[in-house]
Number of protein chains: 2
Amino acid sequence: MKVEKVSLKIIAKELGVSAATVSLVLNGKNKNGRVSEEMSKRIIDKAAELNYIPNSLAKGLKMGHSKSIGLIVADISNVFFGTLALHIQNYAEKEGYTVIIGNTNEKLEEMEKIIAFLNSRQVDGLIITPAEGSEELIESLLKVNKPLVLVDRGFPKLNVPSVLINNYEICYRSVKQLIGQGYKNPAFITYRQDQYHTNERKRGFIEAVKDADLYKPDNVQEVSYQMLEKDMDEAIIRLLHSKNRVDAIFFATNTISMAGIKSLLKHEILIQKDIQVMCFDETDAINLFPFRVPFIKQPIEEMAKRSLELLIERIENKNAKIRKQFLEAELIA
Amino acid sequence: MKVEKVSLKIIAKELGVSAATVSLVLNGKNKNGRVSEEMSKRIIDKAAELNYIPNSLAKGLKMGHSKSIGLIVADISNVFFGTLALHIQNYAEKEGYTVIIGNTNEKLEEMEKIIAFLNSRQVDGLIITPAEGSEELIESLLKVNKPLVLVDRGFPKLNVPSVLINNYEICYRSVKQLIGQGYKNPAFITYRQDQYHTNERKRGFIEAVKDADLYKPDNVQEVSYQMLEKDMDEAIIRLLHSKNRVDAIFFATNTISMAGIKSLLKHEILIQKDIQVMCFDETDAINLFPFRVPFIKQPIEEMAKRSLELLIERIENKNAKIRKQFLEAELIA
DNA sequence: AGTAAAAGGTTAATCGATTAATTAAAAATT
DNA sequence: AATTTTTAATTAATCGATTAACCTTTTACT
């Protein structure tokens with residue numbers, strides 16, 4: 001089956017006009033006496049009849065922009081990133097942008113590959129949740145004036161558009177509340193990584209327990225991304241089977257929360273009886289437990305919206321002022 | 001800051017050769033005496049020095065393909081689709097393809113919009129989880145010879161490349177096993193929709209209970225996608241608060257499972273004490289319950305791999321035989 | 001020495017869309 | 001009637017990469 005590709009030229013030939021005329025009409029640039037009413041109508045009708053779909057590669061090449069953006073996340077199968085992606089796509093569509101998603105798997109080298117790849121596809125800008133150690137990479141992108149926005153994680157030293165949440169404050173407040181409820185020996189479990197957002201969460205926890213004179217360095221445990229399950233089991237044992245038994249655990253991310261609760265259940269530790277837990281991020285599971293788990297809810301849709309706004313602002317005006325936006329997460333108890 | 005875009009022409013000018021020569025070298029087409037060893041090396045070095053990144057819009061325009069594919073799912077924030085997307089992207093990257101993801105939100109009109117959009121971006125092919133009622137749309141794509149593969153859901157009447165699982169068999173076997181364990185009044189909850197994959201699951205359930213002489217039409221309940229929570233509560237009440245009280249429920253998808261379990265907990269019905277449940281699809285939550293939930297696990301990574309294989313096969317050879325592949329899901333108890 | 005073959009390039013057309021610059025005819029104005 | 005303005009188009013260059021078809025120069029062979 002031979003199907004001829006419908007281009008501007010085809011439409012033009014069928015109507016006996018030039019491709020330029022067709023282009024003007026189809027782009028709505030036929031104002032003040034450029035093309036006659038009658039011809040406009042014939043062109044529009046013919047385009048519909050032939051089911052003309054503009055070739056955005058050609059358009060992008062000519063115009064110097066692709067009307068697409070890259071979204072770089074750690075792992076699209078993680079609900080947090082999936083939800084972020086969904087909302088970014090929805091807003092992007094309204095603005096006429098396509099989103100191309102790349103997964104770093106938290107690895108710097110993957111992130112570099114993805115960026116090169118997205119650049120070759122001429123994305124107009126990038127929304128990035130940067131991997132650990134990618135500060136220099138981001139800096140180099142800024143140097144070549146690439147429009148980009150960091151989301152979820154930032155680099156405080158870098159002057160780069162970012163959409164972040166109040167990690168420190170919300171953690172501080174939440175832990176304060178936990179302590180106010182009578183818990184005397186709270187612990188914190190986070191990833192063994194040097195990322196600003198998790199560092200801030202840790203700082204929030206530590207300041208809160210220090211202010212209540214409850215700080216014990218051993219109560220802050222770290223687990224690795226790659227060996228989450230094993231590390232978590234060990235951490236849980238350390239926290240619960242020492243003489244210094246903790247009575248509450250704050251989990252720093254959604255994946256850590258899931259692994260943590262799983263480990264607690266495995267060790268037959270009863271949540272809210274033997275121990276209280278508090279999670280960062282909402283998950284499907286959290287509403288399904290026979291116990292209530294207080295958790296910190298991030299405004300994901302708002303984060304998506306803001307980061308797209310900031311990005312488009314920079315795409316359309318490379319000299320726009322660089323802004324960092326801080327949104328509020330809230331404790332749902 | 002002015003950053004000159006590095007094109008073939010720039011490299012050529014710097015070296016005093018033609019753009020053609022640069023293109024030949026950079027594409028490895030400098031064999032049998034096309035370009036000298038020395039010049040090849042100089043070109044490669046210069047390209048690296050200038051950090052040349054080929055413009056894939058230009059390349060795509062010239063070559064007639066974009067080396068990108070569209071992935072159309074219902075909702076990328078759903079873990080099943082997120083995981084599928086992750087794996088498809090991983091395999092696609094190896095084959096040199098970009099993946100552009102679109103969300104239909106299960107709506108036909110959204111699906112139409114996304115397809116037009118992806119076509120304008122000149123995707124070379126599509127991997128689709130078709131929305132309800134999209135059979136004609138798929139047919140029209142086949143008519144214009146668009147390479148596509150259906151995944152997760154198929155249209156048995158259509159001769160279209162598909163990657164599906166053994167929905168009927170696995171449900172039949174799983175329900176059989178449930179009955180074998182002594183449950184005498186099992187129920188089934190699915191979406192109120194006419195989709196082959198869920199129909200097959202329902203058929204598996206019904207045949208299994210019929211074969212055990214336990215079939216009761218009222219035990220098959222349907223809920224809507226839009227009002228999942230409300231409908232679920234009502235369904236649960238109907239199944240449990242009638243004289244005909246069921247003793248097991250089979251949930252047809254992951255979202256239904258989550259909503260179902262949530263509803264059971266809300267009504268203070270004790271799972272595995274008052275009632276047994278069985279779920280289609282794995283979810284984060286499933287491992288976290290203090291009770292064991294048997295579930296049906298789909299080979300998502302294999303589905304991703306196969307669908308990409310089938311798609312690339314069709315992209316590269318439009319006359320390749322159309323194949324439907326059936327993979328095996330398994331019951332994890 | 002004369003011719004053929006190999007080596008090492010270059011030219012120019014092309015993909016499809018955009019748009020500044022131009023042209024030509026018709027209508028309006030003086 | 002002559003000039004200006006308006007209307008309604010067209011021409012041609014351009015974006016960046018690819019590649020068939022050429023063109024020189026050098027080397028090989030009889």
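Quick caveat: nothing in here was measured; it's all calculated off a predicted structure. So you know, we letter chains A, B, ... as the sequences are listed, proteins then strands, and number each from 1.
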* **Short side-chain N/O contact to D:dA17 OP1/OP2 from B:N27, under 4.0 Å** => no
* Asked: If every non-hydrogen atom of A:V6 is compared with every non-hydrogen atom of A:L50, which pair is closest and at what distance?
  -> CG2-O, 3.5 Å
* Contact list for DNA chain C against residues 13-24 of chain B - heavy-atom distance below 4.0 Å -> B:V17, B:S18, B:A20, B:T21
* Checking all strands, does B:N30 fall into the base, sugar-phosphate, or nothing category for heavy-atom contacts under 4.0 angstrom? -> nothing
* In this structure, are over 12 heavy atoms from other groups packed under 6.0 Å from B:K324 atom NZ? -> yes
* Asked: Whole-Å distance between C:dC15 P and A:L8 CG?
  -> 13 Å
* Which part of the nucleic acid does A:K62 contact within heavy-atom distance under 4.0 Å: base, sugar-phosphate only, or nothing? -> base
* Could you tell me the separation between the NZ atom of B:K29 and the P atom of D:dA20, rounded to a whole number of Å? => 8 Å
* Answer yes when B:E49 and B:K46 have at least one side-chain N-carboxylate O distance shorter than 4.0 Å, and no when they do not. => yes
* Side chains of B:R121 and B:S68: is there a donor and an acceptor less than 3.5 Å apart? -> no
* Structure fact -> Comparing nearest nucleotides in DNA chain C, the 5'-proximal residue of the pair A:K59, B:R34 is B:R34
* To do: Would you kindly say whether A:D152 and A:T129 are connected by a side-chain donor-acceptor distance under 3.5 Å?
  => no
* To the nearest angstrom, how far is B:L57 atom CG from D:dA17 atom C1'? -> 11 Å
* Once you round it to whole Å, what is the distance between C1' of D:dG16 and CD of A:Q122? -> 9 Å
* Asked: Of all residues at least two apart in sequence or in a different chain, which pass the salt bridge (Lys or Arg N to Asp or Glu O under 4.0 Å) check with B:E93?
  -> A:K113
* Among A:I128, A:L308, A:L84, which one satisfies side-chain contact (heavy atoms from CB on, under 4.5 Å) with A:V151? -> A:L84
* Asked: Passes side-chain hydrogen bond (donor to acceptor under 3.5 Å, both in side chains), A:K146 versus A:N119? Steps please.
  -> CA-CA 10 Å; A:K146 187 89 202 168; A:N119 276 336; 2.9 Å; yes
* By a strict heavy-atom criterion of less than 4.0 Å, which residues belonging to residues 36-46 of chain B are in contact with DNA chain C? -> B:S36, B:M39
* Asked: Is the backbone N or O of A:Q122 less than 3.5 Å from a side-chain atom of A:S66, with the two atoms forming a donor-acceptor pair by type?
  -> yes
* To do: For A:K9 and D:dT10, give me the distance from atom NZ to atom P, rounded to whole Å.
  => 15 Å
* Roughly, in whole Å, what's the span from CE in B:M63 to C1' in C:dA13? -> 16 Å
* Asked: Nearest-Å distance, CG (A:D124) to C1' (D:dC15)?
  -> 15 Å
* To do: Report the distance from atom CG of B:N55 to atom C1' of C:dG16, rounded to the nearest whole Å.
  => 14 Å
